[in-house]
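One structure below.
First the proteins, then the strands, lettered A, B, ... as listed; each starts at 1. Just so it is clear, the values below take in all heavy atoms, side chains as well, and ignore hydrogens, waters and symmetry mates.
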There are 2 protein chains.
Amino acid sequence: MHNVLRVGDVFKALADPTRRIILDELTDRNGQTLFEICSRLTTKHHLGSSRQAISQHLDVLEAAGLVETRREGRYKFHYINTAPLEPIIERWLRNPEKDAE
Amino acid sequence: MHNVLRVGDVFKALADPTRRIILDELTDRNGQTLFEICSRLTTKHHLGSSRQAISQHLDVLEAAGLVETRREGRYKFHYINTAPLEPIIERWLRNPEKDAE
DNA sequence: ACGTTATGCAAGCCGATGCTTGCCTGTCAA
DNA sequence: TTGACAGGCAAGCATCGGCTTGCATAACGT
């Protein structure tokens with residue numbers, strides 16, 4: 001289950017505006033379910049994305065390590081994880097130890 | 001001539017591995033021309049990208065504000081600009097840990 | 001002037017990606 | 001059990017993005 005977290009996955013995950021708004025929502029209220037996120041996106045951000053679309057976005061965020069999940073009965077709660085964000089910026093802010101890929 | 005810099009442009013620019021290596025190269029040696037960057041990518045990183053491909057990558061980086069250029073005769077020098085990187089990460093790092101622990 | 005050098009522009013190809021559609025699995029309450 | 005609820009899986013489609021190809025432009029050296 002330990003997928004290799006690549007640096008590019010983090011940036012690709014952040015490249016989509018809907019996924020960034022999802023991270024905003026999880027920052028505002030952590031541990032939401034898929035349906036909570038969907039309803040919040042439609043009401044607060046006027047995004048007409050379907051449930052399946054949001055689910056796929058959450059998969060991308062989880063593959064990048066930016067979102068972690070915990071199952072409880074028929075609910076699946078989503079938590080933001082900012083750990084992958086910290087090292088990737090300092091890559092160019094100070095001296096490079098160049099990553100592969 | 002003031003192009004509107006969108007946040008998404010920065011992430012989309014960073015989503016490509018070749019563009020990240022270009023930023024690495026500019027961090028290592030600032031103010032390179034297009035041909036210098038091309039030769040460095042082939043020799044040091046073994047990337048077989050053509051000149052036109054690198055040129056288009058530099059356009060994307062410049063549109064995102066991550067690279068600034070200065071023309072001098074028939075040369076065009078490219079400089080890295082890390083300013084757009086700083087605000088976009090703190091967007092999710094200022095987390096007040098509402099329900100953590 | 002001539003050729004070379006450094007870069008720009010635009011159309012086209014093709015794989016990647018976001019989204020939809022449809023159906024399926026699992027969980028809880030009445 | 002039955003039904004509603006929360007979520008998952010997979011195929012198809014349309015657009016986007018990276019790259020190539022080919023030609024054009026401008027600045028230098030001789």
Would you kindly give the [atom1]-to-[atom2] distance between [X] and [N], to the nearest whole Å?
X        : N       : atom1 : atom2 : value
Glu36(B) : dA6(C)  : CD    : P     : 10 Å
Leu58(A) : dG18(C) : CG    : P     : 13 Å
Ile54(B) : dT7(C)  : CD1   : C1'   : 14 Å
Leu47(A) : dT20(C) : CG    : P     : 11 Å
Asp16(B) : dT17(C) : CG    : C1'   : 14 Å
Gln52(B) : dA24(D) : CD    : P     : 15 Å
Arg51(B) : dG8(C)  : CZ    : C1'   : 8 Å
Phe77(B) : dA27(D) : CZ    : C1'   : 13 Å

Could you check whether Tyr75(B) gets within reach of a base, just the sugar-phosphate, or nothing at all, counting any heavy atom under 4.0 Å?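 Answer is sugar-phosphate: Tyr75(B) comes under 4.0 Å of backbone atoms only.
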
Looking across every strand, which nucleic acid part, if any, lies under 4.0 Å from Ser55(B) by heavy atom: base, sugar-phosphate, or nothing?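 Sugar-phosphate, backbone atoms only, no base.
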
Contact nearer the 5' end of DNA chain C, comparing Gln56(A) with Gly73(A):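 Result: Gln56(A).
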
Return no unless some side-chain N or O of [X] is found under 4.0 Å from OP1 or OP2 of [N].
X        : N       : value
Lys12(B) : dG17(D) : yes
Arg19(A) : dG18(C) : yes
His57(B) : dG17(D) : no
Ser50(A) : dC19(C) : no

Do you know the tightest heavy-atom contact between Arg51(B) and Cys38(B)?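 Nearest heavy atoms, Arg51(B) then Cys38(B): CA-SG, 3.8 Å.
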
Nucleotide nearest [X] when distance is taken to its side chain, options [options]:
X        : options                  : value
Lys76(A) : dG8(D), dC19(C), dA11(C) : dG8(D)
Arg74(B) : dT7(C), dA10(C), dT5(C)  : dT5(C)
Phe35(B) : dG8(C), dA6(C), dC9(D)   : dA6(C)
Thr18(B) : dC19(D), dG7(D), dC9(D)  : dC19(D)

Pair Asp24(B) + Arg29(B): basic N to acidic O under 4.0 Å: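 A salt bridge is absent here (no side-chain N lies under 4.0 Å from a carboxylate O).
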
Hey, is Asp16(B) close enough to Lys12(A) for a salt bridge, meaning N to O under 4.0 Å?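 Judged by the 4.0 Å cut-off on N to carboxylate O distance, Asp16(B) and Lys12(A) do not form a salt bridge.
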
Validation: residues 52-64 of chain B side-chain donor-acceptor distances under 3.5 Å, sequence neighbours left out:
residue: His57(B); atom: ND1; partner: Arg19(B); partner atom: NH1; Å: 3.0
residue: Glu62(B); atom: OE2; partner: Thr69(B); partner atom: OG1; Å: 3.0

If you look only at pairs with a residue in residues 70-79 of chain B, which of them pass as a side chain to side chain donor-acceptor pair (under 3.5 Å), with sequence neighbours excluded?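 Sorted pair list: Arg70(B)-Glu72(B), Arg70(B)-Tyr79(B).
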
